[in-house]
Amino acid sequence: MKQLKLGRSDDMPENILRLEEVTRNFKRQTETIHAVRGVSLEISKGTFNILCGRSGSGKTTLLNMIAAIDLPTSGKIFFEDREITNMRSAERDEIRRKKIGIIFQNTALIAQMTALENVEFALSVSGIKPGKRRVQAADWLEMMGIKERKNHMPAEMSGGEQARVAIGRALAHEPVLLLADEPTSELDTKTSFRVIDLFRGLVDKNKLTIVMTTHDVNIMDAADHIYTMEDGVIIDGR
């Protein structure tokens, strides 16, 4: 199989991400939920970063804002020195399609598509030419160890297999930034380590930047930086 390389630009700024006093509030009837409270953070390009903390600490909310899926109540987020918080929706969509890979907790696979078609669809959204999509999608499913399941629907696969399809889909369009929300939660221990080894290799060899949430203490050693969130605030970083 040919070597797969994630796209990157050598003139990217040193900090691929910068957050300045980011907050996110939600209304619940008469109550205001302060999900994220004044987070400032800089993420260097080509690093593996883990966000950890209890359920409800604000990790997923923060990840969704970095992905420009959700907007902060206040504060600014910069991606490659461009402020995404003041962009038009179409501009944010374009960045996600071309430069960001996202792994959701629930995999979010399209039920009516096979594993191969799910990855191909992500490639088509990213603008990859039709002639390359099938080969590129198959290559990534092989890297994830599930090429033999390429013609199966999500309902015909286990939770772990679906998770591996979702990981392959997020990486297939060669992003410069991967945002992963509990990507190993449905995987057995052996497969979890295999995925983390893949992530580590992509960071080291291809300068991919990863921001990942996890509860799994067994994979913390793979990270360059670990940030602990509690009640919407980053209370520790190392």
Side-chain angles (χ1 to χ4, degrees), residues 3-10 12-19 22 39-54 57-69 77-81 84 95-96 98-105 107 140 143-145 160 163-164 166-230 234-238:
Q3 183 179 6
L4 296 173
K5 293 186 178 181
L6 296 190
R8 67 180 293 267
S9 170
D10 289 329
M12 286 197 314
E14 189 63 29
N15 290 322
I16 191 171
L17 283 171
R18 189 170 82 253
L19 283 66
V22 171
V39 168
S40 294
L41 184 64
E42 293 185 352
I43 300 291
S44 299
K45 66 180 180 181
T47 58
F48 191 167
N49 305 270
I50 284 179
L51 281 173
C52 61
R54 296 177 181 176
S57 61
K59 304 186 304 297
T60 298
T61 300
L62 188 62
L63 215 62
N64 285 341
M65 290 189 289
I66 292 172
I69 295 171
I77 299 176
F78 296 84
F79 172 72
E80 294 184 338
D81 272 352
I84 60 177
I95 287 175
R96 278 196 303 274
K98 298 294 181 65
K99 295 197 169 189
I100 299 177
I102 305 172
I103 302 170
F104 299 98
Q105 275 192 37
T107 73
W140 276 99
M143 284 189 72
M144 300 312 303
R164 282 185 276 172
I167 293 168
R169 179 185 61 183
L171 289 167
H173 68 289
E174 303 179 351
V176 296
L177 173 65
L178 176 67
L179 303 174
D181 198 3
E182 299 279 356
T184 61
S185 61
E186 294 291 331
L187 304 179
D188 59 70
T189 301
K190 182 179 178 180
T191 306
S192 292
F193 282 120
R194 177 178 176 176
V195 167
I196 296 304
D197 284 345
L198 170 67
F199 286 177
R200 184 71 254 178
L202 292 171
V203 169
D204 293 339
K205 296 175 184 177
N206 305 105
K207 304 305 181 185
L208 175 67
T209 304
I210 297 176
V211 181
M212 179 180 114
T213 70
T214 187
H215 290 100
D216 190 348
V217 296
N218 295 315
I219 60 179
M220 298 290 183
D221 287 344
D224 296 306
H225 304 287
I226 300 172
Y227 302 96
T228 302
M229 289 196 73
E230 185 176 297
I234 293 179
I235 60 170
D236 183 51
R238 55 187 171 89

**Student:** Donor-acceptor check, side chain of His225 to backbone of Ile50, threshold 3.5 angstrom: yes or no?
**Tutor:** no
**Student:** State, yes or no, whether a side-chain contact exists between Arg164 and Leu187 at a heavy-atom distance under 4.5 Å.
**Tutor:** yes
**Student:** Asp204: what forms a salt bridge (charged side-chain N to carboxylate O under 4.0 Å, His left out) with it, not counting sequence neighbours?
**Tutor:** Arg200
**Student:** Is the closest side-chain heavy-atom distance between Met212 and Ile103 below 4.5 Å?
**Tutor:**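 No, every pair of side-chain atoms sits at 4.5 Å or beyond.
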**Student:** Would Tyr227 and Val211 count as a side-chain contact (heavy atoms from CB on, under 4.5 Å) here? Give the steps.
**Tutor:** CA-CA 10 Å; Tyr227 302 96; Val211 181; over 6 Å; no
**Student:** If the test is side-chain contact (heavy atoms from CB on, under 4.5 Å), which one of Ile95, Ile69, Ile66 qualifies with Ile100?
**Tutor:** Ile95
**Student:** Within the 4.5 Å heavy-atom criterion, are Ile43 and Phe79 side-chain neighbours or not?
**Tutor:** no
**Student:** For Pro175 versus Gly101, what's the shortest heavy-atom pair and its separation?
**Tutor:** CB-N, 3.4 Å
**Student:** Measure from the side-chain N and O atoms of Arg96 to the backbone N and O of Ile102, and report whether any donor-acceptor pair falls under 3.5 Å.
**Tutor:** no
**Student:** State, with a plain yes or no, whether a side-chain heavy atom of Asn15 is found less than 4.5 Å away from one of Lys45.
**Tutor:** no
**Student:** Once you round to the nearest 0.5 Å, how far does CG of Leu62 lie from CG of Leu19?
**Tutor:**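 Atom-to-atom, Leu62:CG and Leu19:CG are 6.0 Å apart.
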**Student:** Any Lys/Arg nitrogen of Lys59 or Asp181 sitting under 4.0 Å from an Asp/Glu carboxylate oxygen of the other?
**Tutor:**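 No, no charged N to carboxylate O under 4.0 Å.
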**Student:** Is Thr209 reaching over with its side chain to a backbone N or O of Gly46, donor-acceptor style, under 3.5 angstrom?
**Tutor:**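 It does hold such a pair.
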**Student:** Short question: side chain of Thr213, backbone of Leu51 - any donor-acceptor pair under 3.5 Å?
**Tutor:**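 Looks like no, no N/O pair under 3.5 Å.
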**Student:** Do Trp140 and Arg169 come close enough that some side-chain heavy atom pair is under 4.5 Å?
**Tutor:** no
**Student:** Testing the 3.5 Å rule here: is there a donor-acceptor pair between the side chains of Asp216 and Thr214?
**Tutor:** no
**Student:** Mind checking whether Asn218 and Thr189 have side chains closer than 4.5 Å, heavy atoms only?
**Tutor:**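 Counting from C-beta outward, Asn218 and Thr189 never come under 4.5 Å.
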**Student:** If you take all heavy atoms of Met143 and Arg194, which pair is closest and at what distance?
**Tutor:** O-NH2, 3.2 Å
**Student:** For Ala222 versus Phe48, what's the shortest heavy-atom pair and its separation?
**Tutor:**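 Of all heavy-atom pairs spanning Ala222 and Phe48, the closest is O-CD1, 3.5 Å.
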**Student:** I need the Ile16 CD1 to Glu42 CD distance, nearest 0.5 Å.
**Tutor:**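 Answer rounded to 0.5 Å: 13.0 Å.
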**Student:** Just so I know, are the side chains of Asn49 and Leu17 near enough to count as touching, which here means a heavy-atom distance under 4.5 Å?
**Tutor:**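 Counting from C-beta outward, Asn49 and Leu17 never come under 4.5 Å.
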**Student:** Between the main-chain N or O of Leu208 and the side-chain N or O of Asn206, is there a donor-acceptor pair closer than 3.5 Å?
**Tutor:**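 Flag not set: sc Asn206 to bb Leu208 has no pair under 3.5 Å.
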